[in-house]
Amino acid sequence: MSPRPGRAIPAPKGAGDAESGEDALAASLLLAWYDRHARTLPWRTGPKARARGERPDPYRVWLSEIMLQQTGVKAVAPYFHDFTARWPDFAALAAAPEAEIMAAWAGLGYYSRARNLVACARHVAGEHAGRLPESAAALAELPGIGPYTAAAIAAIAFGEPVPAVDGNVERVVTRLFAIDTPMPAGKADVREALRPLMPQSRPGEFTEALMDLGATICTPKRPACALCPLDAICAARARGEQGAFPVKAKKRARAKKFAAAFVALRPAGRGPAGSGPAARNGQILLSRRPPKGLLGGMAEIPNSDWVTEAVTGMPKPPLAAPWEKRGGEVTHIFTHIELRMTVWAAELPADAKAPPGFWWHDLSDLKGAGLPSLMLKVVEAALPGSSRGARLGG
DNA sequence: GAGCCGTGGAC
DNA sequence: TGTCCAAGGCT
């Protein structure tokens, strides 16, 4: 049960202990590698500027860390640019309407992050004069900031030598020390194994180095051990068992669910009648999901209850109209649900009123509607081509 | 501790 | 086609 079976002699943990020789070596090797191979990312301060004493903007570090929770760098980058351009600091973000921020987050997923982002920004702006607290312990009190994010911000933005264990670090460290405690319980072992490695001088860069190593060299499949700075001291590598770490439990199968979506359209209220298919210049009926739960707080295409059996007829629509099945079926995969939505559409008169809680939105500004990806798929199925310009992953 | 909570890319 | 996974947090 030792957290570090790969080490021959456990390091003493007494107060004031210097790093063990092996720990210091590992940290030194990793930082030297980072100096040559650090990824350049929009929210970072690179090794050269760091050496001049510069630190990254805590607001940008915080924003990036929230966006990067369970989300790849490639997906985050355009959202990060958009957010920092529109809201450059805590005060600006705190002053923005929540619906606007939710719409800007649309497509990035895990929408509770956006709600917590707003709550956190307002708390920091209101209670902390627009500045983040600097310790991991204090950061962890803020909404949307858990153990990992608190440690990452504290280390990267404020220089606190605390171990931040994300998926990358988990993989690197379980392999380095051959830690075989199954996740997520084993995360505590990873944290304790990492703690004595944390360099006092460059904890932020050390944290970034672990993540870069995990993202580019110590990958889940086919790790590039020949290029790894820790190759010679890696316990899993010595055994030839890199693929065995980290140990994880199997995931449950996804539940299948069925529903119907209702794409209600009305022509533009004024101006010349459009030539060709009038719908793309018209409006679409939207509603808002309950504040919590799946897609909580997001705009949506009106839709039926989600049930476990295939839908045969037409469920109750949001308003009376000549509904027709159009665009077949949309399949969308969530983390734990596979959803199949049949798409119904109807053209309404230009003066059709939106029922209470619903509103009409211009199809020419579909992106501004802030629809999550599932709902964009529904629109695309009903009106091919209409979502051009929206973020649809193509 | 375990389930819930998005999305898109890689293999 | 199915599976895993990505800088996790909340309940």
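Numbers restart at 1 for each chain; the letters A, B, ... are given by sequence-line order, proteins then strands.
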J.: Considering only atom P, compute the distance from B:dG3 to C:dC4 and round it to an integer number of Å.
T.: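 Result for the P pair: 15 Å, nearest Å.
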J.: Could you list all N or O pairs between the protein and nucleotides 8-11 of chain C that sit under 3.5 Å apart?
T.:
from   : atom 1 : to       : atom 2 : distance (Å)
C:dG8  : OP1    : A:Gly167 : N      : 3.2
C:dG8  : OP2    : A:Gln70  : N      : 2.8
C:dG8  : OP2    : A:Gln70  : NE2    : 3.1
C:dG8  : O5'    : A:Gln70  : N      : 3.4
C:dG8  : O5'    : A:Gln70  : NE2    : 3.4
C:dG8  : O3'    : A:Thr149 : OG1    : 3.4
C:dG9  : OP1    : A:Gly146 : N      : 2.9
C:dG9  : OP1    : A:Gly146 : O      : 3.4
C:dG9  : OP1    : A:Thr149 : N      : 2.9
C:dG9  : OP1    : A:Thr149 : OG1    : 2.6
C:dG9  : OP2    : A:Tyr148 : N      : 3.3
C:dC10 : OP1    : A:Gly144 : N      : 2.8

J.: Centre-to-centre under 6.0 Å for A:His332 and A:Phe334, is that the case here?
T.: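 Ring centroids of A:His332 and A:Phe334 are less than 6.0 Å from each other.
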J.: Does A:Arg171 reach the main-chain N or O of A:Pro246 with its side chain, forming a donor-acceptor pair under 3.5 Å?
T.: no
J.: Find the distance A:Met183:CE to C:dC4:P and express it as a whole number of Å.
T.: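 Going from CE in A:Met183 over to P in C:dC4 covers 17 Å.
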J.: Minimum heavy-atom separation for A:Ala26 and A:Leu230, please, with both atom names.
T.: O-CD2, 3.7 Å
J.: Please report, rounded to the nearest Å, how far the C1' atom of C:dT3 is from the NZ atom of A:Lys248.
T.: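 Atom-to-atom, A:Lys248 to C:dT3, this comes out as 13 Å.
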J.: Would you tabulate the side-chain donor-acceptor contacts of residues 144-152 of chain A under 3.5 Å, counting partners in other chains and residues two or more places apart, or write 'none'?
T.:
from     : atom 1 : to      : atom 2 : distance (Å)
A:Tyr148 : OH     : A:Glu65 : OE1    : 2.9
A:Thr149 : OG1    : A:Gln69 : NE2    : 3.0

J.: Base, sugar-phosphate, or nothing for A:Leu108, non-hydrogen atoms under 4.0 angstrom?
T.: base
J.: Could you check whether A:Arg171 gets within reach of a base, just the sugar-phosphate, or nothing at all, counting any heavy atom under 4.0 Å?
T.: sugar-phosphate
J.: If I take atom CZ in residue A:Arg39 and atom P in nucleotide C:dA6, what distance separates them, rounded to the nearest angstrom?
T.: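 Checked: the CZ to P distance equals 12 Å.
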J.: Between residues 328-342 of chain A and DNA chain B, which residues have a heavy-atom gap below 4.0 Å?
T.: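 Contacts with DNA chain B under 4.0 Å: A:His332, A:Ile333, A:Phe334, A:Thr335, A:His336.
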J.: Which other residues belong to the hydrophobic cluster containing A:Trp323, where Ile, Leu, Val, Met, Phe, Trp and Tyr are joined when side-chain heavy atoms lie under 4.5 Å apart, directly or via other members?
T.: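 A:Phe262, A:Leu285, A:Met314, A:Leu319, A:Trp344, A:Leu348, A:Phe358, A:Trp360, all in the cluster of A:Trp323.
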J.: What is the distance, rounded to the nearest whole Å, between atom NZ of A:Lys250 and atom P of B:dA2?
T.: 16 Å
J.: Under 4.0 angstrom, heavy atoms only, what part of the nucleic acid is A:Ala164 near: base, sugar-phosphate, or nothing?
T.: nothing
J.: Within the supplied structure, the quantity of interest is the number of heavy atoms (other residues, nucleotides, ligands) at a distance under 6.0 Å from A:Glu54 CD; does it exceed 12?
T.: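 Result for CD/A:Glu54: enclosed.
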J.: So which pairs with a foot in residues 210-225 of chain A pass side chain to side chain donor-acceptor pair (under 3.5 Å), sequence neighbours left out?
T.: A:Arg39-A:Asp212, A:Arg44-A:Asp212
J.: Contact class for A:Gly293 (heavy atom, under 4.0 Å): base, sugar-phosphate, or nothing?
T.: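 Sugar-phosphate, no base atom in range.
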J.: For A:Asp362, look at atom CG and say whether over 12 heavy atoms of other residues, nucleotides or ligands are found less than 6.0 Å away.
T.: yes
J.: Nearest nucleotide by nearest heavy atom, which residue falls closer to the 5' end of DNA chain B, A:Ala185 or A:Lys221?
T.: A:Ala185
J.: Whole Å only: how far is the CZ atom of A:Arg252 from the C1' atom of C:dC4?
T.: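 Result: 17 Å.
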J.: By the rule that ILVMFWY residues connect when side-chain heavy atoms come within less than 4.5 angstrom, directly or transitively, which residues belong alongside A:Val162?
T.: none
J.: Touch check for A:Leu210, heavy atoms < 4.0 angstrom, all strands: base, sugar-phosphate only, or nothing?
T.: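 No contact at all - A:Leu210 keeps every heavy atom at 4.0 Å or more from the nucleic acid.
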J.: Just call it for A:Trp62: base, sugar-phosphate, or nothing, with non-hydrogen atoms closer than 4.0 Å on any strand.
T.: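 Nothing, no heavy atom under 4.0 Å.
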J.: For the pair made of CG in A:Leu371 and C1' in B:dT7, what is the distance, rounded to whole Å?
T.: 15 Å
J.: Using the P atom in both, what is the distance from C:dG9 to B:dG8, to the nearest Å?
T.: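 Straight-line distance between the two P atoms is 23 Å.
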J.: For a quick test of reading the model, state the closest non-hydrogen atom pair linking A:Ala121 to A:Trp62 and the distance between them.
T.: CB-CH2, 4.2 Å
J.: Can you measure A:Asp212 atom CG to C:dA6 atom C1' for me and round it to whole angstrom units?
T.: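 Taking atom C1' of C:dA6 as the reference, CG of A:Asp212 is at 14 Å.
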J.: For A:Trp105 and B:dC5, give me the distance from atom CH2 to atom C1', rounded to whole Å.
T.: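 Result: 13 Å.
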J.: Within the 4.0 Å heavy-atom criterion, would you say A:Val169 contacts the bases, only the backbone, or no part of the nucleic acid?
T.: nothing
J.: What nucleic acid atoms does A:Pro184 come within less than 4.0 Å of, heavy atoms only: base, sugar-phosphate, or nothing?
T.: nothing
